[in-house]
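Residue numbers begin at 1 in each chain, while the letters A, B, ... track the order of the sequences. Nothing here was measured: the structure is a model prediction, and the numbers come from that model.
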Amino acid sequence: MTERYNIKETEKKWRDVWTERKCFEVTEDTSKPKSYVLAMLPYPSGRIHVGHVRNYTLSDVVARYKKAKGFNVLNPMGWDALGLPAENAAMERGTHPKDWTYDNIAQMKSQLLSMGLAIDWSREVATCDPDYYKHEQKMFIDFYKKGLAYQKESVVNWDPVEDTVLANEQVVDGKGWRSGAPVERRKMYQWFFKITEYADDLLKGIEGLDRWPDKVRTMQHNWIGKSTGMNASFPINGTDETLDIYTTRPDTFYGASFFAMAADHPLSKKLAGEKEGFEDFIQECQSVGTSEEAIEKADKLGFDTGYTVTNPFTGEELPLFIANFILMDYGTGAIFGCPAHDARDHEFAKKYDLKIVQVVESPEDTPDIQDEPYIGPGKIMNSEEFNGMEVEEAKTAVIKALEAKDMGKGATVYRLRDWGVSRQRYWGCPVPMIHCEDCGIVPVPEKDLPVELPYDTNYDEPGNPLDRHPTWKNVDCPECGKAARRETDTCDTFFESSWYFLRYLDPKNEDRGFSDEKSGYWMPVDQYIGGVEHAVLHLLYSRFFTRALKACGYEVPDEPFAGLFTQGMVTHATFEDKEGNWCFPADVEQRDGSWVKVSDGSSVKRGAITKMSKSKKNVVDPEDILDTYGADAARLFILSDSPPERDLEWTEGGIEGAWRFINKLHRAITDTVFDLPAAGTAQPSDFSDAAKKLRSLTHQSIVGVAEDIDAFHMNKAVARIRELANALTGFKTNNDADKWALREGYEALICLINPMMPHLAEEIWETLGHTQILADTPWPAHDESLLANDTVTIGVQVNGKVRATITMAADASKDDYEKVAMEQDGVQKALEGKSVKKMIVVPGRIVNVVAG
RNA sequence: GCGGCUGUGGCGGAAUGGUAGACGCUGUGGACUUAAAAUCCAUUGUCCUUUGGACGUGGGGGUUCAAGUCCCCCCAGCCGCACCA
């Protein structure tokens with residue numbers, strides 16, 4: 001008996017070998033093609049979760065595979081180490097955010113190390129390190145000088161109890177998540193990055209991202225939200241004011257029946273502020289919750305200002321409303337309403353009894369315009385000189401007409417807003433600016449960077465610890481030397497993650513964030529892998545960043561990520577005990593087909609399979625898994641079955657199945673190796689049919705697994721590997737040539753599993769008598785002549801139904817196929833009483849006898 | 001509401017228009033064992049009384065010698081955005 005595979009010892013052994021030999025540390029090497037494989041950097045929460053394991057397994061498979069394929073592979077790792085949770089921990093447990101963060105990094109790193117990832121740890125980066133954010137501050141200043149960073153007043157969520165600004169996700173039903181106090185909207189000066197400057201470029205760039213999922217491209221496309229239409233200005237009758245409106249439907253001007261502006265439009269208060277009921281109306285508009293549901297259900301509300309605006313085409317005086325469904329921060333914050341051809345305007349007109357005039361003819365039968373608006377294309381009607389035009393044609397014509405009267409102009413509007421980066425927080429990158437009474441905003445001189453976070457802070461009181469720090473914010477103005485004040489805002493943590501992939505390239509560079517030379521060699525990222533939750537913000541900000549950095553003289557491509565893969569979530573069944581409490585899967589087991597608690601045997605209900613979450617306790621701890629089954633089993637299970645882009649259901653059965661496979665393989669080879677020819681034995685000249693078949697499968701697998709990995713079909717690659725393994729372990733050798741073929745198959749198999757189960761692969765590779773480690777061994781070469789089988793087995797159909805299966809020589813002629821097919825009993829039987837009308841023969845595929 | 005994705009055995013999932021269900025999980029039967037675990041072998045879409053046959057890829061139409069795959073119309077589920085003029 002062979003001894004059992006000792007997972008712990010073996011896995012540790014190979015990790016040590018890789019580390020000692022610095023197998024995955026890389027430098028720029030122009031003799032090889034490069035491949036930059038990148039996994040989204042984790043937030044150091046302290047413990048890895050299964051989602052991390054899936055993410056890094058995927059990137060590791062790609063990295064190891066690409067290395068075997070001859071690429072110079074960069075696969076780095078770092079920590080997205082700034083952000084709110086550290087401050088929350090500080091408040092809850094009295095630890096310092098910095099200490100908490102570095103402790104967490106140490107813990108998580110040791111967990112990641114036990115996964116056996118092919119990472120170049122010499123490039124590790126923590127974004128909370130002043131050596132990191134120093135360069136970020138330099139970039140901030142570069143942006144500022146280019147006009148890409150600026151300050152403006154904007155509305156924030158203010159928690160009056162905590163005395164602090166809340167992020168949107170910290171506002172739950174209009175209340176602070178911690179204090180429960182109603183959130184106020186307060187105006188503050190905040191820093192912004194001018195991402196809108198690149199709106200069109202970011203939109204156009206999406207077209208070129210052909211190795212991104214369509215889903216993500218669509219989401220970014222919608223997020224940028226380009227629309228074309230026109231701005232127009234009309235005098236408000238009886239005042240000196242002008243109403244600026246934006247519309248995408250200038251073709252419907254003849255159908256206008258009202259004008260409307262946002263509640264927070266400056267003219268609203270100015271024109272109607274004194275009117276009775278105005279304040280109440282504004283109150284009502286603001287009290288409507290911000291939740292999606294509330295908005296959906298919200299009634300269209302309007303407040304008649306009593307003023308009118310004249311329709312430039314009909315000369316009609318139309319009422320000017322203040323309406324709750326008009327958004328101040330889109331377009332101009334004012335519109336004209338055409339109820340016949342806009343759902344919202346229609347609803348509004350119904351409610352306030354405004355007329356509904358059809359100006360676009362529907363080419364099909366559509367409901368009466370008084371009942372339902374018509375949004376589609378058609379010919380213009382009721383519109384004098386524009387009658388008979390198609391909608392698109394009329395848009396252009398109306399814009400032209402208004403431009404001629406100097407009343408408006410064609411315009412393009414984006415949904416995308418500038419990126420607000422100010423956070424009134426401690427644990428973030430300080431904005432490197434100084435406020436001087438005389439000189440205004442002055443950037444911190446480069447020699448004074450980094451602006452480091454002070455360590456001596458406390459969290460006993462609410463508010464921003466930087467703002468109430470006794471000395472930190474007091475500085476002299478770099479320009480005039482007078483006493484001045486440091487900016488106490490810190491940056492949104494999306495700032496750090498917008499360029500970390502560049503820092504990995506040159507992590508020790510003290511002078512610059514990264515050198516042009518290194519960026520020129522490594523960029524763009526060839527394969528980026530992470531969760532779809534970052535489909536918009538992180539990925540869009542990063543795309544903005546490369547453009548902005550380029551504008552500031554850094555050498556970077558426009559698009560940072562040439563290839564993107566978004567993995568699915570990891571799910572698990574939920575368990576609920578009799579009291580209705582959630583139970584951890586680890587505390588539950590199946591006895592005689594029903595689920596019970598391990599502790600007391602009481603019955604437990606197995607509920608829905610949902611995304612793993614702490615609140616439902618349907619989580620498994622990767623550390624337990626790695627400890628019990630080892631890294632290879634965890635990796636294999638994650639890659640098996642579910643396609644990586646879909647959700648993966650974590651099951652005990654699944655992980656055990658993976659573990660079994662590993663043991664089976666190890667056993668099979670260690671039990672056979674003594675009987676195989678030595679490594680490197682010359683190929684025999686002749687093989688038995690069975691050996692030929694086995695060799696075909698071996699070489700087909702070499703090609704197939706490579707194709708699967710290239711296409712991210714890891715589950716199919718695993719299936720192929722199992723198929724080959726089954727063939728090999730079931731193969732009976734009768735002579736030396738058979739044994740040679742078996743060794744060839746095993747060696748190939750081990751190379752194929754290496755990206756997925758690297759520890760096991762190295763161990764068996766050594767057992768097979770190799771001295772060069774697998775991490776340095778190239779992907780096996782395949783023999784083209786062995787890819788095709790000597791024979792093919794295909795179906796024979798009669799009228800499209802399979803009636804027999806035939807096995808033919810690979811080079812059989814159409815006549816051969818026809819002849820053999822017709823000899824089949826099943827075919828003859830199906831043809832009884834019928835005459836053959838036609839024979840379809842596709843060699844190697846199908847024979848179909850058409851009979852009637 | 002708009003946009004996108006997905007529907008295939010008990011389950012996860014395979015199938016360049018060409019033998020539907022690869023590979024795995026589960027279940028069942030058996031071998032080994034005093035017994036169990038582990039392991040190995042067989043079997044596992046549904047229905048019909050069988051040799052064998054019929055039916056089967058969310059539903060309904062269509063194209064084709066041939067449709068899970070292509071086209072049209074529905075239905076369900078998931079995700080994103082959401083009063084964006």
Asker: What residues, two or more places apart in sequence or in another chain, satisfy side chain to side chain contact (heavy atoms under 4.5 Å, CB included) together with A/Arg803?
Answerer: A/Val798, A/Lys801, A/Val827, A/Ala830
Asker: Checking A/Thr574 against A/Asn618: is there a side-chain donor and acceptor pair closer than 3.5 Å?
Answerer: no
Asker: Nearest heavy atom decides the nucleotide; on that basis, is A/Val802 or A/Lys664 closer to the 5' end of RNA chain B?
Answerer: A/Val802
Asker: Is any side-chain N or O of A/Lys837 under 3.5 Å from a base N or O of B/C65, one able to act as donor and the other as acceptor?
Answerer: no
Asker: Which part of the nucleic acid does A/Ile326 contact within heavy-atom distance under 4.0 Å: base, sugar-phosphate only, or nothing?
Answerer: base
Asker: Within the 4.0 Å heavy-atom criterion, would you say A/Asn715 contacts the bases, only the backbone, or no part of the nucleic acid?
Answerer: sugar-phosphate
Asker: Heavy atoms only, 4.0 Å cut-off, all strands: where does A/Thr805 land among base, sugar-phosphate and nothing?
Answerer: base
Asker: Mind checking side chain to side chain donor-acceptor pair (under 3.5 Å) for A/Glu392 and listing every partner two or more places apart, or none if nothing turns up?
Answerer: A/Lys395
Asker: Contact class for A/Asp329 (heavy atom, under 4.0 Å): base, sugar-phosphate, or nothing?
Answerer: nothing
Asker: What residues form a side chain to side chain contact (heavy atoms under 4.5 Å, CB included) with A/Arg217, not counting sequence neighbours?
Answerer: A/Ile206, A/Leu209, A/Trp212, A/Asp214
Asker: When rounded to the nearest Å, what value does the distance between P atoms of B/C11 and B/U26 take?
Answerer: 15 Å
Asker: Quick one: ring-ring contact (aromatic ring centres under 6.0 Å, His included) partners of A/Tyr374, sequence neighbours excluded?
Answerer: none
Asker: Check every strand shown and say whether A/Arg415 touches a base, only sugar-phosphate, or nothing at a heavy-atom separation below 4.0 Å.
Answerer: base
Asker: Going by purine N1 to pyrimidine N3 plus the second Watson-Crick contact, or the G-U wobble pair, all under 3.5 Å, which nucleotide sits opposite B/C70?
Answerer: B/G62
Asker: Could you check whether A/Thr651 gets within reach of a base, just the sugar-phosphate, or nothing at all, counting any heavy atom under 4.0 Å?
Answerer: nothing
Asker: Enumerate the side chain to side chain donor-acceptor pair (under 3.5 Å) contacts for residues 835-844 of chain A, please, sequence neighbours excluded, ordered by first and then second residue.
Answerer: none
Asker: What side chain to side chain donor-acceptor pair (under 3.5 Å) pairs are there with at least one residue in residues 641-664 of chain A, not counting sequence neighbours?
Answerer: A/Tyr629-A/Glu656, A/Lys664-A/Asn726
Asker: For each nucleotide in nucleotides 46-56 of chain B, reading 5' to 3', give B when a protein heavy atom comes within less than 4.0 Å of its base, S when such contact involves only the sugar-phosphate, and - otherwise.
Answerer: ------S-SS-
Asker: Which value, in whole Å, describes the distance between the C1' atoms of nucleotides B/C5 and B/U43?
Answerer: 37 Å
Asker: For A/Thr412, check side chain to side chain contact (heavy atoms under 4.5 Å, CB included) against everything at least two apart and list the hits.
Answerer: A/Lys226, A/Thr228, A/Tyr414
Asker: To the nearest 0.5 Å, tell me how far A/Lys350 NZ sits from A/Ile356 CD1.
Answerer: 5.0 Å
Asker: Could you list by number each residue of residues 641-650 of chain A showing a heavy-atom separation from RNA chain B of less than 4.0 Å, or answer none if no residue does?
Answerer: A/Asp641, A/Ser642, A/Pro643, A/Arg646
